[in-house]
Each structure stands twice: as structure tokens, then as C-alpha cells.
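Only one structure is covered here, and it is reproduced in the block below.
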Amino acid sequence: PNGNTVTWVFDDFIRLVQVHNPDQTWAETSYHKHSDAYPFMIKTISSNGSEAIAYHDILQREVISQAKDFQGNWKVSKKVYNNKGLLEKEYPVFTPVTQINDYTAYNFNVEDRYIIAEYDELSRPVKSKLWHGVEGRYLTTESIYAKGKTITTNAIGQKKVVYTDVITG
């Protein structure tokens, strides 16, 4: 209706490689083979100077992500999946650095820096825990699945109840 056109360009594998906006801003995405552990790397750069790199495993799940903010600092996060393919741990964004380093240089094994997820036998999330260093404790969110409703309680005791039609789901 406003006459503005966004142009998308795809490669031969039907993956998005370019976006051109009416205001002359753009973004380009490239796809690369990386390593045996993380065979797929996807890199996106934008006309505003932002940049993002994501490393994916053989199942094409994002495992490590790096992003450059507007101040030129890089931030890194990591995800770990369990044997069912569900997210088990997520390491939050680390302190920014001014130069991109090999992701293996980051200490992803620090126990107080990640979010832990737990699932029930139906692979539904039942608990997530995040270490809160200032308070010196885990902040826990829990979900209970009952017939026709899901009850979620957050770290400060607030409850949310979602009702579901038991016939249609």
C-alpha cells in the first residue's frame, strides 16, 4: 500500500542471502563449511555495521552464536542439547570483547553461568534454573502439567495457569 518494496535474494538452495530495504539498508548472509564438530557456519552482515556468526551442528541446530553490537563488541553464547535433541543447557551471553576470538577460547564450563532445562517423559519443559550471582542462588521456573491446564511458577512465586481444551489439545 505504501509503495515500498523489500527485495529478498535466495541462493540455489533456497536460502536467504540478501535483503534490500527501501531505505537503502541491507543485510547479506553467507553459508560456510566450518569444522567436524560444527559443520555449518552462517554469517550475516548488515549495512548498519552489525555482524552475527552462528555455528550449527550436523542436525542444523544452533550451538554457538557470536554477535557484534553497535559499539563493536562481540558477545558469545552457547547451547548444549541432550540425547533427545532437547535444549539442556544454555550459556548466556558472555562479557563483550572488542575483538572476535576463536569460540573455543571462552570458558563455557563455568557452572554458575548457564541456564539448565529439565524435561518430563513427554519432552515437555518442567524446570529451568538460572544462577543469580548477586543473590547467590538459582532462580527456578517450574511447570506442572495437569489435565486441561499447565501451571507455571516463576522464581518469585508468581503463577500462570494456561487452560487447554482436553479434547482438541
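Residues: numbered from 1 along the sequence shown.
Shortest non-hydrogen contact noted between Y31 and L16 is OH-O, 2.8 Å. Annotation for Q60 and H56: closest pair O-ND1, 3.3 Å, computed over non-hydrogen atoms. Taking each heavy atom of V6 and P22 in turn, the nearest pair found is CG2-CD, 3.9 Å. Between N82 and K84 the shortest heavy-atom distance is OD1-N, 2.9 Å. Nearest heavy atom pair, residue E62 against residue Y81, reads O-OH, 2.8 Å.
A distance-only check finds no donor-acceptor pair linking the side chain of Y55 to the backbone of P39 [under 3.5 Å]. A distance-only check finds a donor-acceptor pair linking the side chain of S47 to the backbone of W26 [under 3.5 Å]. The backbone N or O of P125 lies less than 3.5 Å from a partner atom in the side chain of Y145, making a donor-acceptor pair. Counting only distance, with no hydrogens or angles, the side chain of S46 and the backbone of G49 share no donor-acceptor pair below 3.5 Å. Here the side chain of N21 pairs no donor or acceptor atom with the backbone of D23 at under 3.5 angstrom.
Side-chain contact between K127 and T140 is present, with at least one heavy-atom pair separated by less than 4.5 Å. A heavy-atom distance below 4.5 Å is not found between the side chains of I42 and S30. Between W74 and I53 there is a side-chain heavy-atom pair separated by less than 4.5 Å. Side-chain contact between V126 and E118: present, with at least one pair of heavy atoms (C-beta onward) separated by less than 4.5 Å. Contact check for Y163 versus T150: no side-chain heavy atoms found under the 4.5 Å cut-off. Side-chain contact between V76 and I64: present, with at least one pair of heavy atoms (C-beta onward) separated by less than 4.5 Å. Looking at L87 and Y119, their side chains come closer than 4.5 Å, going by heavy atoms from C-beta outward.
A salt bridge is absent between E90 and K78; no separation between the charged side-chain nitrogens and carboxylate oxygens falls under 4.0 Å.
Both the sub-6.0 Å distance and the 45° axial angle are not jointly satisfied by R15 relative to the ring of F10.
For the atom pair NZ (K129) and OG1 (T141), the distance works out to 12.0 Å, reported to the nearest 0.5 Å. The distance from the NZ atom of K43 to the OG1 atom of T29 is 11.5 Å, given to the nearest 0.5 Å. Atom NZ in K68 sits 9.0 Å away from atom CD1 in I45 (nearest 0.5 Å). Here the CG atom belonging to L86 is positioned 9.0 Å from the CZ atom belonging to R61, to the nearest 0.5 angstrom. Residue H32 holds its NE2 atom at 4.5 Å from CE of M41, rounded to the nearest 0.5 Å. The distance from atom NZ of K147 to atom OG1 of T164, rounded to the nearest 0.5 Å, is 13.0 Å.
Open room surrounds NZ on K159; 12 or fewer heavy atoms of other groups in view lie less than 6.0 Å from it.
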| task | Please report the C-alpha distance between S143 and T152 in whole Å, then the side-chain angles of each, then the deciding distance to 0.1 Å, and finally whether the side chain to side chain donor-acceptor pair (under 3.5 Å) criterion is met. | result | CA-CA 4 Å; S143 296; T152 303; 3.2 Å; yes
| query | Given the rule in the side-chain contact (heavy atoms from CB on, under 4.5 Å) test, do F40 and D57 qualify, once you have shown the distances and angles that lead to the verdict? | reply | CA-CA 7 Å; F40 307 107; D57 64 12; over 6 Å; no
